[in-house]
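Accompanying notes for the structure given below.
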Amino acid sequence: MDLSIWIVLIGTALIGICAALVGTFTFLQKKSLIGDAISHSILPGIVLAYMLSGQRTAWGLMLGAFCAGWFATQQISWLQWKTRLKSDTIVAATLSMFFAFGLALLSYIQGRPDDGQAGLGDFLFGKIAALDIRDLYLFLGISTVIIIAIFLRYRVMFSFAFNREFMISKGFSLRWNDFILNSMTILVVTMGVQAVGVVLMSALLIIPVLSARMLTCRLSQILLFSVLLGTFSSLLGSYISILGANIPTGPCIIIILSACAIIIALTVKLQSKRKSHGK
């Protein structure tokens, strides 16, 4: 295969692995909506980064996306702390405001005669074909940071997921735990948005874990199955997107991932019926 195809496949595999790992802990700590908020909130950061720099470099756009995602999580935390609104209401309002602002900026750039959208519209639904070796090195660096952080914080994040009050009583900081988890989520989303897009990136965080949870209750196995499902769907979806003409990467990946989830759900349902009839 061509070198560019290998770069794309390795890049999407890294996205699938990291999304599954981080998504497992956001799912267990009941913070799946945070990933959805971040994935929609980074759009204005991407557009503003391009407007300020005038260049469509991966590191520049990802820096803008990270800043927008961080600002969105801070707004959510502040509203949760200062108001009596429910968490889902705050998250929905935040992602709507940020995404609307991003679309407005994108429309503004589209109307400019000098550069149009500069390919920024690809970030809505993902287009991984433009990935180059420099982007891959950046992905490798981010993936390394995420994997090391999860390895070092594994027991703490596991304990916060199942016994938060006990961890707080032992002196562990809930805010620090949320900050680390939110930061990893932002990093995953900013890395994956180029392939999957801001609209569908949250699905890559949730569906692999949801599918794995239907198969097992053990955390180690949930992590393993999530990584396998996320990686398989990312690889196959990106490969189909490369071979097909004008097929966005994000929908391909999520369609395959959704099909796997449906197959798993039907299989588990049939097995439970057989066991009940056997009794």
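In this structure, Leu105 CG and Tyr50 OH are separated by 13.0 Å, a value rounded to the nearest 0.5 Å. Distance check: Leu61 CG to Asp135 CG gives 9.5 Å after rounding to the nearest 0.5 Å. Here CD of Gln75 is found 10.5 Å from CG of Leu95. Values are rounded to the nearest 0.5 Å. Atom CE of residue Met201 and atom OG1 of residue Thr185 lie 9.5 Å apart, to the nearest 0.5 angstrom. Rounding to the nearest 0.5 Å gives a distance of 5.5 Å between CG of Asn182 and CD1 of Ile38. In this structure, CD1 on Ile147 lies 12.0 Å from CG on Leu152, to the nearest 0.5 angstrom.
Contact detail for Gly60 and Ala49: the closest heavy-atom pair is O-CB, 3.5 Å. For the pair Ile46 and Ala65, the tightest heavy-atom approach, listed with the atom from each and the gap, is CG1-CB, 3.8 Å. Of all heavy-atom pairs between Thr190 and Phe66, the closest is CG2-N, 3.5 Å. Closest non-hydrogen pair, Met214 versus Ala261, comes out as CE-O, 3.7 Å. Looking at every heavy atom in both residues, Thr249 comes nearest to Ser241 through OG1-OG, 3.1 Å. Gly35 approaches Val189 most closely through the heavy-atom pair O-CG2, 4.4 Å.
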Quiz prompt | Check against side-chain contact (heavy atoms from CB on, under 4.5 Å), Ser39 and Val193 | solution = CA-CA 8 Å; Ser39 63; Val193 70; over 6 Å; no
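Under the salt bridge (charged side-chain N to carboxylate O under 4.0 Å, His left out) criterion, the residue pairs touching residues 174-202 are Lys31-Asp178, with sequence neighbours excluded.
Between Leu200 and Leu204, the closest side-chain pair of non-hydrogen atoms is not below 4.5 Å. A 4.5 Å side-chain heavy-atom check between Leu85 and Leu79 finds every atom pair outside the cut-off. With a 4.5 Å cut-off on side-chain heavy atoms, Ile142 and Met62 count as touching. Put simply, the side chain of Ile42 does not reach to within 4.5 Å of the side chain of Phe71, judged on heavy atoms. Two residues are said to be in side-chain contact when any heavy atoms from C-beta on lie closer than 4.5 Å; Phe98 and Leu43 fail this criterion.
The hydrophobic clustering, which links ILVMFWY residues whose side-chain heavy atoms are closer than 4.5 Å, places Met191 and Leu138 together. Using a 4.5 Å cut-off between side-chain heavy atoms of Ile, Leu, Val, Met, Phe, Trp and Tyr, with links allowed through other members, Phe151 and Trp176 fall into different hydrophobic clusters. The hydrophobic cluster containing Trp81 does not contain Trp78, counting ILVMFWY residues as joined when their side-chain heavy atoms lie under 4.5 angstrom apart, directly or transitively. Note on Leu210 and Ile262: separate hydrophobic clusters, where clusters join Ile, Leu, Val, Met, Phe, Trp and Tyr whose side-chain heavy atoms are under 4.5 Å apart, directly or indirectly. In the hydrophobic clustering of this structure, Ile255 does not group with Ile264; members are Ile, Leu, Val, Met, Phe, Trp, Tyr whose side-chain heavy atoms approach within less than 4.5 Å, directly or through other members.
The backbone N or O of Gly230 sits nowhere less than 3.5 Å from a side-chain atom of Ser233 that would complete a donor-acceptor pair. Put simply, the side chain of Ser183 gets close to the backbone of Phe179: a donor and an acceptor are under 3.5 Å apart.
Every residue meeting the side chain to side chain contact (heavy atoms under 4.5 Å, CB included) condition with Ala149, not counting sequence neighbours, appears here in chain and number order: Met184. Listed by chain and residue number, Phe232, Ile240, Ile256 satisfy the side chain to side chain contact (heavy atoms under 4.5 Å, CB included) test with Leu236 (two or more places apart in sequence, or in another chain). Ser96 meets the side chain to side chain donor-acceptor pair (under 3.5 Å) test with no other residue; sequence neighbours excluded. The side chain to side chain donor-acceptor pair (under 3.5 Å) test applied to Asp36 returns His40, Ser202, not counting sequence neighbours. With sequence neighbours excluded, no residue forms a side chain to side chain donor-acceptor pair (under 3.5 Å) with Ser234. Shown here are the salt bridge (charged side-chain N to carboxylate O under 4.0 Å, His left out) partners of Arg164, two or more places apart in sequence or in another chain: there are none. Contacts of Ser87 classified as side chain to side chain donor-acceptor pair (under 3.5 Å), with partners at least two apart in sequence or in another chain: Gln80.
Here Ile168 sits in one hydrophobic cluster together with Val156, Phe160, Phe166, Met167, Phe172, Leu174; the rule is ILVMFWY side chains under 4.5 Å apart, joined directly or through other members. In the hydrophobic clustering, where aliphatic and aromatic side chains (Ile, Leu, Val, Met, Phe, Trp, Tyr) are joined below 4.5 Å either directly or transitively, Leu52 stands alone.
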Side-chain donor-acceptor pairs under 3.5 Å in residues 12-28, sequence neighbours left out?
residue	atom	partner	partner atom	Å
Thr12	OG1	Val8	O	3.0
Thr12	OG1	Leu9	O	2.9
Thr12	OG1	Ser238	OG	3.3
Thr24	OG1	Ala20	O	2.7
Thr26	OG1	Val22	O	3.4
Thr26	OG1	Gly23	O	2.9

In a table with atom names and distances, give each donor-acceptor pair under 3.5 Å that connects a side chain of residues 216-229 to protein atoms at least two apart or in another chain.
residue	atom	partner	partner atom	Å
Thr216	OG1	Arg218	N	3.2
Thr216	OG1	Gln221	OE1	2.6
Ser226	OG	Ile222	O	2.6

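In Tyr137, the OH atom is not crowded: 12 or fewer heavy atoms of neighbouring residues, nucleotides or ligands sit closer than 6.0 Å.
A side-chain N or O of Gln29 and one of Asn177 form a donor-acceptor pair less than 3.5 Å apart.
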